[in-house]
2 protein chains.
Amino acid sequence: MFAHVKASPTYPPGILGGLTASHVTFSTSEFNYRKGTEIYGEKEPAEYVYQVVSGAVRSYKLLSDGRRQIGAFHLVGDIFGLENDDAHRFTAEAIMDTTVRLVRRLSLERVAHSDPVLARNLLVMTTSNLQHAEDHMLLLGRKTALERVAAFLLEMDRRLTGVDVVALPMCRRDIADYLGLTLETVSRALSKLHAYGALNFLGSNQREIMLVDRDQLARLDT
Amino acid sequence: MFAHVKASPTYPPGILGGLTASHVTFSTSEFNYRKGTEIYGEKEPAEYVYQVVSGAVRSYKLLSDGRRQIGAFHLVGDIFGLENDDAHRFTAEAIMDTTVRLVRRLSLERVAHSDPVLARNLLVMTTSNLQHAEDHMLLLGRKTALERVAAFLLEMDRRLTGVDVVALPMCRRDIADYLGLTLETVSRALSKLHAYGALNFLGSNQREIMLVDRDQLARLDT
DNA sequence: CGGTGCGTTGAACGCATTCAATTGTGGTGG
DNA sequence: CCACCACAATTGAATGCGTTCAACGCACCG
């Protein structure tokens, strides 16, 4: 395959930074994925747990006719692919050229069995995923297109490190499949927010967005 | 009265059936809620974990203008209200007259801290909630009204003990708020499925539904 | 009985989708 | 260097699915 491995140098505290165990260290390695390539597929055995070192990842489910629902975007620092079953429940793909660090799931499980700290961390991470999914159900079930896009921008603003500008790594179609809309509707909503004076476009591509009026966006988010 | 739920004669092993600890027993008590009453509210401190003994419960979030998204229905045997944060993330209400068993959350946490079996069970339960939410995101984001209602019927068919008939404890509005639709759309979809020969209505109220053609429903569910 | 809650059905509307055309950018090769 | 193509994004016009508004039927209950 295309991906090549690096030796694991020194990294934030803990194995996967957040997946901390008491007195153990795990062996990790790194992998590179080119834009658009699959990291793992839905229902494949969950052999590894991943952390984004650089780049961005989308996790999605497909219906038989190709309709796609992206459940989450994984940004730098995020851990993903953590399953307690044997199989992945999403397909994960690199949105752009991406480096991930990975650790064998079984080595985690083995340690967690006797290490309350790690076990606790696994629960906290799962809970945080659950919380995100619960909030997203409300968005998908009950919010309008404009509200969804506003919520999305605020989420990205919070999660992306960028100081003033939100530099989106994903295309309009990805945003649409995350928000349960079409790419045209996302585009129209962004244009409307631009007309409202809530945001400005910066780059040559339209993925760098300056949030001018966060209060207005927050009001739309309800 | 209205729909009657089968009393569950034997209770699963463990304190809250599924929330099993190694060598400990927790003190539990029971509580009755009349139809429509709140069990706990969103953002209230999460003092107890609950299990449905009889009846049914809805968990939902509200937007400021009253739009409601039901995240889950809790049926006989189900555990709900399990949070790892201090606060509940949903409001829980009795759909019909309901009896719940409850145990203090802190007593669980205390034991889980040193009991890997219980800790593991907490993780498994949280994961199962997460899995449900992930599937529901796909439904809310990408499925048509007919597909949603078909999926709902199959879910209830699987989870309700009833042999041949699905005896829904909830009204059309609850179903709608669970599926991200209006009650009229739910009603129309059910009528259409009836016309298709996929189901029959039984009781005087329209909540007892016999699934005649599960294959057809499953095909709609995609 | 009238009142209320629940469910169904019809008709009109509207938001988001679908279909389509256009623009701009980056990459590739002649 | 520019012609060419693929891809991303915007915008307009028409369509349609689900919503909104409204009327009605029915069971239950005081």
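Order of the sequence lines sets the chain letters (A, B, ...), proteins ahead of strands, with each chain counted from 1.
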Chemist: I'd like a table of atom pairs between the protein and nucleotides 25-28 of chain C - only N or O on both sides, under 3.5 Å - with the distance next to each one.
Modeler:
none

Chemist: Please list all pairs passing the salt bridge (Lys or Arg N to Asp or Glu O under 4.0 Å) test where one or both residues lie in residues 185-200 of chain A, with sequence neighbours left out.
Modeler: none
Chemist: With sequence neighbours left out, what residues match B:D86 under salt bridge (charged side-chain N to carboxylate O under 4.0 Å, His left out)?
Modeler: B:R105
Chemist: Among residues at least two apart in sequence or on other chains, which ones pass ring-ring contact (aromatic ring centres under 6.0 Å, His included) with A:F201?
Modeler: A:H194
Chemist: Quick one: on DNA chain C, does B:M170 or B:R142 contact a more 5' nucleotide (nearest heavy atom)?
Modeler: B:M170
Chemist: Hey, does B:G203 reach any base, or is it just sugar-phosphate, or nothing, if we go heavy atoms under 4.0 Å?
Modeler: nothing
Chemist: Please give, in whole Å, the distance from D:dA27 P to B:R207 CZ?
Modeler: 15 Å
Chemist: Using the side-chain contact (heavy atoms from CB on, under 4.5 Å) criterion, which residues pair with B:T37? Sequence neighbours excluded.
Modeler: B:Y33, B:R34, B:A94
Chemist: When every nucleotide of nucleotides 11-17 of chain D is labelled 5' to 3' by its protein contacts under 4.0 Å (heavy atoms), B for base, S for sugar-phosphate only, - for none, what sequence of letters results?
Modeler: BBB----
Chemist: Choosing from C:dT17, C:dG7, D:dT19, which nucleotide comes nearest the side chain of B:L181?
Modeler: D:dT19
Chemist: Please determine which of A:Y178, A:F90, A:F80 meets the ring pair (Phe, Tyr, Trp, His ring centres under 6.0 Å) test together with A:F73.
Modeler: A:Y178
Chemist: My understanding is that only residues two or more places apart in sequence, or in another chain, count here; which of them pass salt bridge (charged side-chain N to carboxylate O under 4.0 Å, His left out) with B:R214?
Modeler: B:D157
Chemist: Going by the rule salt bridge (charged side-chain N to carboxylate O under 4.0 Å, His left out), which residues pair with A:K61 if we only count those two or more places apart in sequence or in a different chain?
Modeler: A:E42, B:D135
Chemist: Using rotation axes that map the C1' atoms of four end pairs onto the next four (five pairs an end), what angle separates the end axes of the helix from C:dC1-D:dG30 to C:dG30-D:dC1, to 10°?
Modeler: 20°
Chemist: Are any of B:R173's side-chain N or O atoms less than 4.0 Å away from OP1 or OP2 of C:dC6?
Modeler: no
Chemist: Test A:Y40 against A:Y50 for ring pair (Phe, Tyr, Trp, His ring centres under 6.0 Å), laying out the working first.
Modeler: CA-CA 10 Å; A:Y40 53 77; A:Y50 304 80; 5.4 Å; yes
Chemist: For A:E47, give me all partners under side chain to side chain donor-acceptor pair (under 3.5 Å), at least two apart in sequence or on another chain.
Modeler: A:R104
Chemist: Rounded to the nearest Å, what distance is computed from the CG atom of residue A:D177 to the C1' atom of nucleotide D:dA8?
Modeler: 15 Å
Chemist: Applying side-chain hydrogen bond (donor to acceptor under 3.5 Å, both in side chains), which residue pairs with at least one partner in residues 64-83 of chain B are found, sequence neighbours left out?
Modeler: A:E147-B:R67, B:S59-B:H74, B:D65-B:R67, B:R68-B:D174, B:R68-B:D177, B:D78-B:R159, B:E83-B:H88, B:E83-B:R89
Chemist: How would you list, by chain and number, every residue that makes a side-chain contact (heavy atoms from CB on, under 4.5 Å) with A:T126, sequence neighbours excluded?
Modeler: A:L82, A:N84, B:L123, B:T126, B:T127, B:L130
